[in-house]
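Working notes, beginning with the structure itself.
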Amino acid sequence: MSDLAIFGFGEGGWGLALLEGAAMTLLVSACGLMIGAAIGGLVAWARLSGKRLAGAVGQAYAALFRGLPELLIVYFVYFGTSTLLTETALFFGHEGFVGVPAFAAGALAVGVISGAYQAEVFRAAYLAISRGELEAAISVGMNRALMARRIILPQVMRFALPGLGNLWQVALKDSSLISVTGLAELMRVSQVGAGSTHRPFAFYLGGAVLYLVMTVLTMRVFDIAEERATRGVRRAAV
Amino acid sequence: MDIDFITKTFIRLLGALPLTLSVWFLSVVLGALVAAGVTWMRVSGVRPLELFARAYVMVFRGTPLLIQLFIVYYGLASLPAVRASVFWPFLRDAFNCAVLSLALCTAGYQAEIFRGALLAVPPGQVEAARACGMSGLLMFRRVIFPIALRHALPPYSTEMISMIKATALVSLVTLWDVMSVALKIRNDTLITYLPLILAGAIYFVVNYVIGVAFLALERRLSPHLRPRPS
(Lines give C-alpha, C1' and ligand atoms only; values in the text may rest on other atoms or scores of the structure.)
Protein backbone atom coordinates (compact mmCIF):
# COMPACT_ATOMS: atom_id res chain seq x y z
CA MET A 1 0.00 0.00 0.00
CA SER A 2 1.38 3.41 -0.86
CA ASP A 3 2.05 5.98 1.83
CA LEU A 4 -0.98 8.02 0.86
CA ALA A 5 -3.39 5.08 0.65
CA ILE A 6 -2.88 4.20 4.33
CA PHE A 7 -4.32 7.61 5.19
CA GLY A 8 -7.32 6.96 2.91
CA PHE A 9 -10.85 6.12 3.97
CA GLY A 10 -11.15 2.89 1.98
CA GLU A 11 -10.39 -0.63 3.15
CA GLY A 12 -7.19 -0.74 5.20
CA GLY A 13 -7.12 3.06 5.27
CA TRP A 14 -6.49 4.77 8.60
CA GLY A 15 -8.03 8.10 7.63
CA LEU A 16 -11.22 7.67 9.64
CA ALA A 17 -9.43 6.28 12.70
CA LEU A 18 -7.01 9.22 12.72
CA LEU A 19 -9.85 11.73 12.38
CA GLU A 20 -11.70 10.03 15.23
CA GLY A 21 -8.51 10.23 17.27
CA ALA A 22 -8.26 13.93 16.47
CA ALA A 23 -11.88 14.42 17.57
CA MET A 24 -11.11 12.59 20.83
CA THR A 25 -8.07 14.83 21.32
CA LEU A 26 -10.24 17.93 20.87
CA LEU A 27 -12.87 16.57 23.24
CA VAL A 28 -10.51 15.55 26.02
CA SER A 29 -8.55 18.83 25.72
CA ALA A 30 -11.75 20.87 25.83
CA CYS A 31 -12.97 18.99 28.93
CA GLY A 32 -9.52 19.44 30.45
CA LEU A 33 -9.60 23.18 29.74
CA MET A 34 -13.01 23.47 31.41
CA ILE A 35 -11.93 21.50 34.49
CA GLY A 36 -8.86 23.73 34.51
CA ALA A 37 -11.06 26.83 34.36
CA ALA A 38 -12.97 25.64 37.43
CA ILE A 39 -9.76 24.88 39.33
CA GLY A 40 -8.05 28.02 38.08
CA GLY A 41 -11.01 30.18 39.06
CA LEU A 42 -11.04 28.71 42.56
CA VAL A 43 -7.28 29.10 42.99
CA ALA A 44 -7.33 32.68 41.69
CA TRP A 45 -10.23 33.47 44.05
CA ALA A 46 -8.31 31.95 46.96
CA ARG A 47 -5.25 34.03 46.15
CA LEU A 48 -7.26 37.25 45.76
CA SER A 49 -9.39 36.65 48.86
CA GLY A 50 -6.85 38.40 51.08
CA LYS A 51 -7.12 35.54 53.57
CA ARG A 52 -3.72 34.26 54.56
CA LEU A 53 -4.44 30.53 54.60
CA ALA A 54 -6.48 30.49 51.39
CA GLY A 55 -3.82 32.55 49.66
CA ALA A 56 -1.06 30.20 50.76
CA VAL A 57 -3.01 27.13 49.61
CA GLY A 58 -3.67 28.74 46.24
CA GLN A 59 -0.04 29.69 45.82
CA ALA A 60 1.13 26.22 46.82
CA TYR A 61 -1.21 24.61 44.29
CA ALA A 62 0.04 26.81 41.46
CA ALA A 63 3.71 26.35 42.39
CA LEU A 64 3.37 22.59 42.80
CA PHE A 65 1.61 21.78 39.55
CA ARG A 66 3.74 24.13 37.52
CA GLY A 67 6.89 22.52 38.90
CA LEU A 68 6.06 18.88 38.19
CA PRO A 69 6.49 17.15 34.81
CA GLU A 70 3.18 16.84 32.96
CA LEU A 71 3.80 13.16 32.28
CA LEU A 72 4.24 12.49 35.99
CA ILE A 73 0.94 14.24 36.72
CA VAL A 74 -0.82 12.15 34.08
CA TYR A 75 0.54 8.93 35.60
CA PHE A 76 -0.20 10.11 39.11
CA VAL A 77 -3.80 11.01 38.32
CA TYR A 78 -4.39 7.83 36.32
CA PHE A 79 -2.78 5.36 38.73
CA GLY A 80 -3.71 7.39 41.77
CA THR A 81 -7.44 7.63 41.10
CA SER A 82 -7.58 3.96 40.09
CA THR A 83 -5.83 2.88 43.28
CA LEU A 84 -8.11 5.11 45.31
CA LEU A 85 -11.18 3.66 43.63
CA THR A 86 -9.93 0.08 44.01
CA GLU A 87 -9.29 0.59 47.70
CA THR A 88 -12.64 2.27 48.22
CA ALA A 89 -14.32 -0.61 46.42
CA LEU A 90 -12.41 -3.08 48.59
CA PHE A 91 -13.65 -1.24 51.64
CA PHE A 92 -17.21 -1.83 50.45
CA GLY A 93 -16.47 -5.48 49.79
CA HIS A 94 -15.68 -5.47 46.08
CA GLU A 95 -12.46 -7.34 45.34
CA GLY A 96 -10.23 -6.71 42.35
CA PHE A 97 -8.95 -3.79 40.33
CA VAL A 98 -11.32 -0.96 39.51
CA GLY A 99 -9.97 1.30 36.79
CA VAL A 100 -11.00 4.89 36.27
CA PRO A 101 -12.04 5.44 32.63
CA ALA A 102 -9.02 6.71 30.71
CA PHE A 103 -11.05 9.63 29.39
CA ALA A 104 -12.01 10.89 32.85
CA ALA A 105 -8.49 10.46 34.22
CA GLY A 106 -7.00 12.15 31.15
CA ALA A 107 -9.34 15.14 31.22
CA LEU A 108 -8.73 15.49 34.96
CA ALA A 109 -4.94 15.39 34.50
CA VAL A 110 -5.01 18.01 31.75
CA GLY A 111 -7.36 20.08 33.91
CA VAL A 112 -5.16 19.85 37.00
CA ILE A 113 -2.17 21.08 34.99
CA SER A 114 -4.09 23.75 33.11
CA GLY A 115 -5.74 24.97 36.32
CA ALA A 116 -2.39 25.90 37.84
CA TYR A 117 -1.66 28.15 34.86
CA GLN A 118 -5.21 29.44 34.43
CA ALA A 119 -5.16 30.66 38.03
CA GLU A 120 -2.45 33.14 37.05
CA VAL A 121 -4.35 34.22 33.94
CA PHE A 122 -7.55 34.85 35.92
CA ARG A 123 -5.72 36.61 38.72
CA ALA A 124 -3.96 38.95 36.32
CA ALA A 125 -7.25 39.57 34.50
CA TYR A 126 -9.01 40.50 37.75
CA LEU A 127 -6.19 42.85 38.73
CA ALA A 128 -6.49 44.52 35.32
CA ILE A 129 -10.02 45.74 36.09
CA SER A 130 -9.80 49.41 36.94
CA ARG A 131 -10.53 50.11 40.59
CA GLY A 132 -12.84 52.95 39.69
CA GLU A 133 -15.32 50.56 38.09
CA LEU A 134 -15.49 48.44 41.22
CA GLU A 135 -15.93 51.54 43.40
CA ALA A 136 -18.62 52.84 41.05
CA ALA A 137 -20.46 49.50 41.27
CA ILE A 138 -20.39 49.63 45.06
CA SER A 139 -21.47 53.27 45.11
CA VAL A 140 -24.59 52.56 43.02
CA GLY A 141 -25.48 49.91 45.59
CA MET A 142 -24.69 46.67 43.74
CA ASN A 143 -24.31 43.66 45.98
CA ARG A 144 -21.40 41.28 45.48
CA ALA A 145 -23.23 38.80 43.24
CA LEU A 146 -24.56 41.48 40.93
CA MET A 147 -21.17 43.17 40.79
CA ALA A 148 -19.52 39.86 39.93
CA ARG A 149 -22.04 39.18 37.17
CA ARG A 150 -22.23 42.63 35.62
CA ILE A 151 -18.82 44.19 36.20
CA ILE A 152 -16.19 41.61 37.09
CA LEU A 153 -16.94 38.50 35.03
CA PRO A 154 -17.42 40.21 31.64
CA GLN A 155 -14.12 42.04 32.00
CA VAL A 156 -12.20 39.09 33.45
CA MET A 157 -13.33 36.96 30.50
CA ARG A 158 -12.21 39.65 28.08
CA PHE A 159 -8.81 40.20 29.67
CA ALA A 160 -8.24 36.47 30.12
CA LEU A 161 -8.97 35.48 26.51
CA PRO A 162 -5.43 35.82 25.08
CA GLY A 163 -3.97 33.86 28.00
CA LEU A 164 -6.66 31.21 27.73
CA GLY A 165 -5.88 30.88 24.01
CA ASN A 166 -2.27 30.05 24.84
CA LEU A 167 -3.36 27.59 27.52
CA TRP A 168 -5.75 25.90 25.08
CA GLN A 169 -2.78 25.26 22.84
CA VAL A 170 -0.86 23.86 25.80
CA ALA A 171 -3.81 21.63 26.76
CA LEU A 172 -4.05 20.33 23.20
CA LYS A 173 -0.40 19.34 23.27
CA ASP A 174 -0.51 17.98 26.83
CA SER A 175 -3.43 15.75 25.84
CA SER A 176 -0.98 13.70 23.75
CA LEU A 177 0.48 12.42 27.04
CA ILE A 178 -2.84 10.75 27.85
CA SER A 179 -1.90 8.19 25.20
CA VAL A 180 0.04 6.38 27.96
CA THR A 181 -3.29 5.47 29.58
CA GLY A 182 -4.53 3.87 26.38
CA LEU A 183 -7.21 6.43 25.52
CA ALA A 184 -7.72 6.35 21.74
CA GLU A 185 -6.81 9.98 21.08
CA LEU A 186 -4.70 11.10 18.13
CA MET A 187 -1.31 10.18 19.62
CA ARG A 188 -2.50 6.71 20.62
CA VAL A 189 -4.15 6.07 17.25
CA SER A 190 -0.92 7.11 15.52
CA GLN A 191 0.99 4.68 17.74
CA VAL A 192 -1.41 1.83 16.99
CA GLY A 193 -1.32 2.61 13.28
CA ALA A 194 2.47 2.79 13.33
CA GLY A 195 2.64 -0.55 15.09
CA SER A 196 0.23 -2.49 12.95
CA THR A 197 1.41 -1.18 9.56
CA HIS A 198 5.12 -0.93 10.47
CA ARG A 199 5.20 2.61 9.14
CA PRO A 200 5.98 4.75 12.16
CA PHE A 201 7.42 7.62 10.12
CA ALA A 202 4.30 8.12 8.01
CA PHE A 203 1.95 7.75 10.98
CA TYR A 204 3.74 10.04 13.40
CA LEU A 205 4.24 12.62 10.66
CA GLY A 206 0.54 12.37 9.74
CA GLY A 207 -0.40 12.71 13.41
CA ALA A 208 1.85 15.76 13.78
CA VAL A 209 0.23 17.38 10.73
CA LEU A 210 -3.22 16.83 12.26
CA TYR A 211 -2.07 18.37 15.57
CA LEU A 212 -0.70 21.36 13.66
CA VAL A 213 -3.96 21.78 11.74
CA MET A 214 -5.95 21.62 15.00
CA THR A 215 -3.69 24.17 16.68
CA VAL A 216 -3.81 26.62 13.79
CA LEU A 217 -7.57 26.32 13.25
CA THR A 218 -8.54 26.60 16.91
CA MET A 219 -6.24 29.55 17.44
CA ARG A 220 -8.17 31.26 14.67
CA VAL A 221 -11.34 30.65 16.74
CA PHE A 222 -9.70 32.34 19.72
CA ASP A 223 -8.62 35.27 17.53
CA ILE A 224 -12.21 35.74 16.36
CA ALA A 225 -13.49 35.50 19.94
CA GLU A 226 -10.96 38.09 21.03
CA GLU A 227 -11.98 40.40 18.21
CA ARG A 228 -15.63 40.05 19.23
CA ALA A 229 -14.93 40.50 22.93
CA THR A 230 -12.98 43.69 22.39
CA ARG A 231 -15.17 45.22 19.68
CA GLY A 232 -16.45 47.85 22.07
CA VAL A 233 -13.04 48.72 23.44
CA ARG A 234 -11.30 51.87 22.33
CA ARG A 235 -7.70 51.33 21.36
CA ALA A 236 -4.87 53.76 21.38
CA ALA A 237 -4.18 54.97 17.85
CA VAL A 238 -1.21 53.10 16.42
CA MET B 1 5.31 2.09 54.76
CA ASP B 2 8.80 1.68 56.17
CA ILE B 3 11.62 4.17 56.13
CA ASP B 4 13.96 1.60 54.60
CA PHE B 5 11.86 1.32 51.46
CA ILE B 6 11.62 5.11 51.20
CA THR B 7 15.39 5.63 51.37
CA LYS B 8 16.05 2.76 48.93
CA THR B 9 13.55 4.15 46.45
CA PHE B 10 14.91 7.64 46.84
CA ILE B 11 18.48 6.52 46.22
CA ARG B 12 17.46 4.56 43.13
CA LEU B 13 15.63 7.61 41.80
CA LEU B 14 18.58 9.88 42.51
CA GLY B 15 20.77 7.46 40.58
CA ALA B 16 18.74 8.31 37.48
CA LEU B 17 19.04 12.06 37.99
CA PRO B 18 22.36 12.41 36.07
CA LEU B 19 20.69 11.06 32.92
CA THR B 20 17.74 13.45 33.30
CA LEU B 21 20.11 16.37 33.84
CA SER B 22 22.41 15.49 30.96
CA VAL B 23 19.50 15.17 28.52
CA TRP B 24 18.31 18.55 29.81
CA PHE B 25 21.67 20.29 29.61
CA LEU B 26 22.70 19.00 26.20
CA SER B 27 19.31 19.68 24.61
CA VAL B 28 19.07 23.17 26.10
CA VAL B 29 22.54 24.16 24.88
CA LEU B 30 22.08 22.61 21.44
CA GLY B 31 18.62 24.20 21.30
CA ALA B 32 20.07 27.62 22.08
CA LEU B 33 22.49 27.29 19.15
CA VAL B 34 19.68 26.30 16.77
CA ALA B 35 17.50 29.08 18.19
CA ALA B 36 20.23 31.65 17.58
CA GLY B 37 20.28 30.58 13.93
CA VAL B 38 16.49 30.66 13.65
CA THR B 39 16.33 34.11 15.29
CA TRP B 40 19.00 35.39 12.97
CA MET B 41 16.97 34.17 9.97
CA ARG B 42 13.80 35.68 11.42
CA VAL B 43 15.26 39.18 11.74
CA SER B 44 17.55 38.94 8.69
CA GLY B 45 15.13 40.82 6.45
CA VAL B 46 15.62 38.18 3.74
CA ARG B 47 12.14 36.95 2.83
CA PRO B 48 12.80 33.19 2.28
CA LEU B 49 14.88 32.91 5.46
CA GLU B 50 12.22 34.79 7.41
CA LEU B 51 9.49 32.47 6.13
CA PHE B 52 11.55 29.42 7.00
CA ALA B 53 12.10 30.72 10.54
CA ARG B 54 8.38 31.43 10.96
CA ALA B 55 7.49 27.94 9.71
CA TYR B 56 10.07 26.37 12.02
CA VAL B 57 8.62 28.08 15.08
CA MET B 58 5.04 27.25 14.08
CA VAL B 59 5.74 23.56 13.46
CA PHE B 60 7.77 22.92 16.60
CA ARG B 61 5.52 24.92 18.88
CA GLY B 62 2.29 23.73 17.28
CA THR B 63 2.80 19.99 17.70
CA PRO B 64 3.30 17.94 20.88
CA LEU B 65 6.88 17.15 21.83
CA LEU B 66 5.90 13.50 22.29
CA ILE B 67 5.04 13.06 18.61
CA GLN B 68 8.22 14.94 17.58
CA LEU B 69 10.24 12.59 19.75
CA PHE B 70 8.54 9.54 18.23
CA ILE B 71 9.12 10.84 14.68
CA VAL B 72 12.84 11.10 15.44
CA TYR B 73 13.26 7.89 17.43
CA TYR B 74 10.77 5.44 15.87
CA GLY B 75 10.03 7.22 12.60
CA LEU B 76 13.50 7.95 11.27
CA ALA B 77 14.80 4.55 12.35
CA SER B 78 12.16 2.84 10.22
CA LEU B 79 13.32 4.49 7.00
CA PRO B 80 15.81 2.37 5.02
CA ALA B 81 17.43 5.54 3.65
CA VAL B 82 18.26 6.70 7.18
CA ARG B 83 19.56 3.30 8.21
CA ALA B 84 21.94 3.36 5.24
CA SER B 85 23.09 6.92 5.80
CA VAL B 86 26.04 8.30 7.75
CA PHE B 87 23.66 9.54 10.47
CA TRP B 88 22.62 6.04 11.49
CA PRO B 89 25.34 5.43 14.11
CA PHE B 90 24.13 8.65 15.75
CA LEU B 91 20.39 8.10 15.37
CA ARG B 92 20.33 4.46 16.48
CA ASP B 93 21.00 5.58 20.02
CA ALA B 94 17.92 6.57 22.05
CA PHE B 95 19.91 9.12 24.07
CA ASN B 96 21.01 11.00 20.94
CA CYS B 97 17.49 10.93 19.53
CA ALA B 98 16.08 12.29 22.78
CA VAL B 99 18.62 15.14 22.93
CA LEU B 100 18.12 15.99 19.25
CA SER B 101 14.35 16.01 19.49
CA LEU B 102 14.21 18.04 22.70
CA ALA B 103 16.75 20.49 21.29
CA LEU B 104 14.79 21.05 18.07
CA CYS B 105 11.62 21.62 20.11
CA THR B 106 13.08 24.04 22.63
CA ALA B 107 14.79 25.91 19.79
CA GLY B 108 11.34 26.91 18.55
CA TYR B 109 10.46 28.41 21.94
CA GLN B 110 13.89 29.92 22.58
CA ALA B 111 13.91 31.59 19.16
CA GLU B 112 10.73 33.47 20.09
CA ILE B 113 12.27 34.50 23.42
CA PHE B 114 15.39 35.78 21.65
CA ARG B 115 13.30 37.63 19.09
CA GLY B 116 11.18 39.29 21.75
CA ALA B 117 14.32 40.32 23.63
CA LEU B 118 15.84 41.83 20.47
CA LEU B 119 12.66 43.77 19.78
CA ALA B 120 12.75 45.18 23.31
CA VAL B 121 16.09 46.91 22.72
CA PRO B 122 15.23 50.63 22.46
CA PRO B 123 15.94 51.98 18.95
CA GLY B 124 17.58 55.03 20.51
CA GLN B 125 20.36 52.86 21.94
CA VAL B 126 21.07 51.37 18.54
CA GLU B 127 21.05 54.79 16.91
CA ALA B 128 23.41 56.13 19.56
CA ALA B 129 25.79 53.20 19.00
CA ARG B 130 25.70 53.88 15.27
CA ALA B 131 26.32 57.57 15.85
CA CYS B 132 29.43 56.66 17.85
CA GLY B 133 30.59 54.75 14.82
CA MET B 134 30.35 51.22 16.24
CA SER B 135 30.55 48.37 13.74
CA GLY B 136 27.78 45.76 13.64
CA LEU B 137 29.62 43.19 15.74
CA LEU B 138 30.89 45.67 18.30
CA MET B 139 27.41 47.16 18.60
CA PHE B 140 25.92 43.70 19.11
CA ARG B 141 28.50 42.82 21.76
CA ARG B 142 28.40 46.08 23.69
CA VAL B 143 24.85 47.39 23.26
CA ILE B 144 22.30 44.96 21.84
CA PHE B 145 23.37 41.75 23.59
CA PRO B 146 23.61 43.13 27.16
CA ILE B 147 20.18 44.77 26.92
CA ALA B 148 18.53 41.82 25.17
CA LEU B 149 20.00 39.38 27.70
CA ARG B 150 18.26 41.15 30.57
CA HIS B 151 14.94 41.07 28.73
CA ALA B 152 15.36 37.40 27.84
CA LEU B 153 16.19 36.11 31.32
CA PRO B 154 12.71 35.82 32.91
CA PRO B 155 11.06 33.93 30.02
CA TYR B 156 14.27 31.94 29.58
CA SER B 157 14.10 30.61 33.13
CA THR B 158 10.50 29.51 32.47
CA GLU B 159 11.69 27.67 29.37
CA MET B 160 14.54 25.98 31.30
CA ILE B 161 12.03 24.72 33.85
CA SER B 162 9.63 23.45 31.23
CA MET B 163 12.53 21.61 29.60
CA ILE B 164 13.27 19.80 32.88
CA LYS B 165 9.63 18.73 32.84
CA ALA B 166 9.89 17.75 29.18
CA THR B 167 12.76 15.36 29.88
CA ALA B 168 10.24 13.04 31.57
CA LEU B 169 9.09 12.09 28.06
CA VAL B 170 12.38 10.32 27.33
CA SER B 171 11.12 7.55 29.60
CA LEU B 172 8.90 6.57 26.66
CA VAL B 173 11.90 5.94 24.37
CA THR B 174 13.60 3.36 26.59
CA LEU B 175 15.87 5.73 28.54
CA TRP B 176 16.31 5.26 32.30
CA ASP B 177 15.58 8.71 33.60
CA VAL B 178 13.97 9.56 36.95
CA MET B 179 10.47 9.12 35.52
CA SER B 180 11.06 5.66 34.10
CA VAL B 181 12.80 4.43 37.24
CA ALA B 182 9.79 5.60 39.27
CA LEU B 183 7.47 3.71 36.93
CA LYS B 184 9.65 0.60 37.12
CA ILE B 185 9.56 0.65 40.93
CA ARG B 186 5.79 1.13 40.82
CA ASN B 187 5.48 -1.80 38.45
CA ASP B 188 7.67 -4.08 40.55
CA THR B 189 6.27 -3.24 43.99
CA LEU B 190 2.68 -2.27 43.08
CA ILE B 191 3.06 0.68 45.45
CA THR B 192 1.32 3.49 43.61
CA TYR B 193 1.96 6.76 45.30
CA LEU B 194 5.36 6.72 46.94
CA PRO B 195 7.70 6.31 43.93
CA LEU B 196 5.78 8.93 41.96
CA ILE B 197 5.71 11.36 44.89
CA LEU B 198 9.45 10.96 45.49
CA ALA B 199 10.18 11.43 41.78
CA GLY B 200 7.94 14.49 41.82
CA ALA B 201 9.86 15.88 44.78
CA ILE B 202 13.15 15.46 42.90
CA TYR B 203 11.81 17.26 39.82
CA PHE B 204 10.31 19.96 41.99
CA VAL B 205 13.56 20.63 43.83
CA VAL B 206 15.55 20.72 40.58
CA ASN B 207 13.09 23.21 39.11
CA TYR B 208 13.17 25.27 42.28
CA VAL B 209 16.97 25.46 42.17
CA ILE B 210 16.89 26.53 38.51
CA GLY B 211 14.30 29.21 39.30
CA VAL B 212 16.33 30.57 42.21
CA ALA B 213 19.55 30.52 40.17
CA PHE B 214 17.95 32.55 37.40
CA LEU B 215 16.50 35.03 39.90
CA ALA B 216 19.97 35.49 41.40
CA LEU B 217 21.44 36.01 37.93
CA GLU B 218 18.74 38.54 37.11
CA ARG B 219 19.47 40.41 40.33
CA ARG B 220 23.20 40.42 39.65
CA LEU B 221 22.67 41.78 36.14
CA SER B 222 20.40 44.63 37.15
CA PRO B 223 22.07 46.52 39.99
CA HIS B 224 20.92 49.77 38.37
CA LEU B 225 17.27 48.86 38.98
CA ARG B 226 17.63 48.23 42.71
CA PRO B 227 16.76 51.00 45.15
CA ARG B 228 19.90 52.66 46.40
CA PRO B 229 20.95 51.68 49.94
CA SER B 230 19.95 54.35 52.42
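In the text below, chain A, chain B and the rest are named by the order of the sequence lines, each starting its count at 1.
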**Study point:** ring-ring contact (aromatic ring centres under 6.0 Å, His included) evaluation trace for F203(A) with F70(B)
**Key:** CA-CA 10 Å; F203(A) 268 93; F70(B) 278 21; over 10 Å; no
Exercise for review: Determine, stepwise, if the pair K173(A) / T63(B) fulfils side-chain contact (heavy atoms from CB on, under 4.5 Å).
Suggested key: CA-CA 6 Å; K173(A) 289 184 282 174; T63(B) 54; 5.9 Å; no
Revision key, fill the gap. Turns out that what part of L64(A) lies under 4.5 Å from chain B's heavy atoms comes down to both
Check your understanding: In terms of heavy-atom proximity below 4.5 Å to chain A, should S162(B) be classed as side chain, backbone, both, or neither?
Key -> neither
Point to revise | Closest heavy-atom pair and its distance - G200(B), L68(A) | key: O-CD2, 3.2 Å
**Study point:** chain B contact via V180(A) - which portion, at a heavy-atom distance below 4.5 Å
**Key:** side chain
Point to revise | Heavy-atom pairs under 4.5 Å with chain A, option from G211(B), A166(B), A182(B), S78(B) with the top count | key: S78(B)
Practice item. Measure V216(A) against the heavy atoms of chain B and call it side chain, backbone, both or neither at under 4.5 Å. Key: side chain
Review point. Going through the distances and angles, do Y74(B) and Q191(A) end up as a side-chain contact (heavy atoms from CB on, under 4.5 Å)?
Key: CA-CA 10 Å; Y74(B) 295 112; Q191(A) 263 173 300; over 6 Å; no
Study note, to complete from the structure: Heaviest contributor of heavy-atom pairs below 4.5 Å to chain A, chosen from V206(B), L172(B), I161(B), V205(B), is L172(B)
Check your understanding: Which atoms form the tightest heavy-atom contact between A208(A) and I67(B), and what is the distance?
Key -> N-CD1, 3.6 Å
Review point. Quick one: OG1 on T215(A) to CE on M58(B), what's the gap to the nearest 0.5 Å?
Key: 8.5 Å
Practice item. Using the side chain to side chain donor-acceptor pair (under 3.5 Å) rule, collect all pairs that involve residues 101-121 of chain A, keeping only residues at least two apart or in two chains. Key: R47(A)-E120(A), S114(A)-Q118(A), Y117(A)-K165(B)
Exercise for review: Under 4.5 Å, counting heavy-atom pairs only, tell me which of I164(B), L183(B), L76(B) racks up the most with chain A.
Suggested key: L183(B)
Exercise for review: Could you look at L65(B) and say if it's the side chain, the backbone, both or neither that has a heavy atom under 4.5 Å from chain A?
Suggested key: neither
Practice item. Specify the closest pair of heavy atoms between G67(A) and N207(B), including all atoms of both residues, with the distance to one decimal. Key: O-ND2, 2.7 Å
Review point. Side chain, backbone, both or neither: which part of I202(B) has a non-hydrogen atom closer than 4.5 Å to chain A?
Key: neither
Review point. Does the side chain of L177(A) reach to within under 4.5 Å of the side chain of L169(B), using non-hydrogen atoms?
Key: yes
Review point. Above 12 or not: heavy atoms from other molecules or residues under 6.0 Å from CZ of F90(B)?
Key: yes
Check your understanding: Which atoms of L79(B) come close to chain A, meaning under 4.5 Å heavy atom to heavy atom: side chain ones, backbone ones, both, or neither?
Key -> side chain
Check your understanding: So do the side chains of Y204(A) and Q68(B) get within less than 4.5 Å of each other, counting heavy atoms only?
Key -> no
Exercise for review: Please look at V72(B) and chain A and tell me whether the side chain, the backbone, both or neither of the residue comes under 4.5 angstrom of a heavy atom of that chain.
Suggested key: neither
Point to revise | Intermediate values then yes/no, side-chain contact (heavy atoms from CB on, under 4.5 Å), L71(A) and S171(B) | key: CA-CA 10 Å; L71(A) 186 62; S171(B) 62; 3.6 Å; yes
Exercise for review: Would you please test V82(B) and F201(A) for side-chain contact (heavy atoms from CB on, under 4.5 Å) and show each step?
Suggested key: CA-CA 11 Å; V82(B) 173; F201(A) 189 73; over 6 Å; no
Practice item. Would you mind checking which part of S179(A) comes under 4.5 Å of any heavy atom in chain B, side chain (CB onward), backbone (N, CA, C, O), both or neither? Key: side chain
Point to revise | Centroid-centroid distance, Y193(B) to F79(A), less than 6.0 Å | key: no
Check your understanding: Picking from Q169(A), E70(A), H198(A), which has the most non-hydrogen pairs under 4.5 angstrom with chain B?
Key -> E70(A)
Exercise for review: Check each of T81(A), T83(A), T86(A) against T192(B) using the side-chain hydrogen bond (donor to acceptor under 3.5 Å, both in side chains) test, and report the only one that passes.
Suggested key: T83(A)
Review point. When rounded to the nearest 0.5 angstrom, what distance separates CD1 in I71(B) from CG in L205(A)?
Key: 5.0 Å
Study note, to complete from the structure: Taken to the nearest 0.5 Å, the spacing of L212(A) CG from F60(B) CZ works out to 11.0 Å
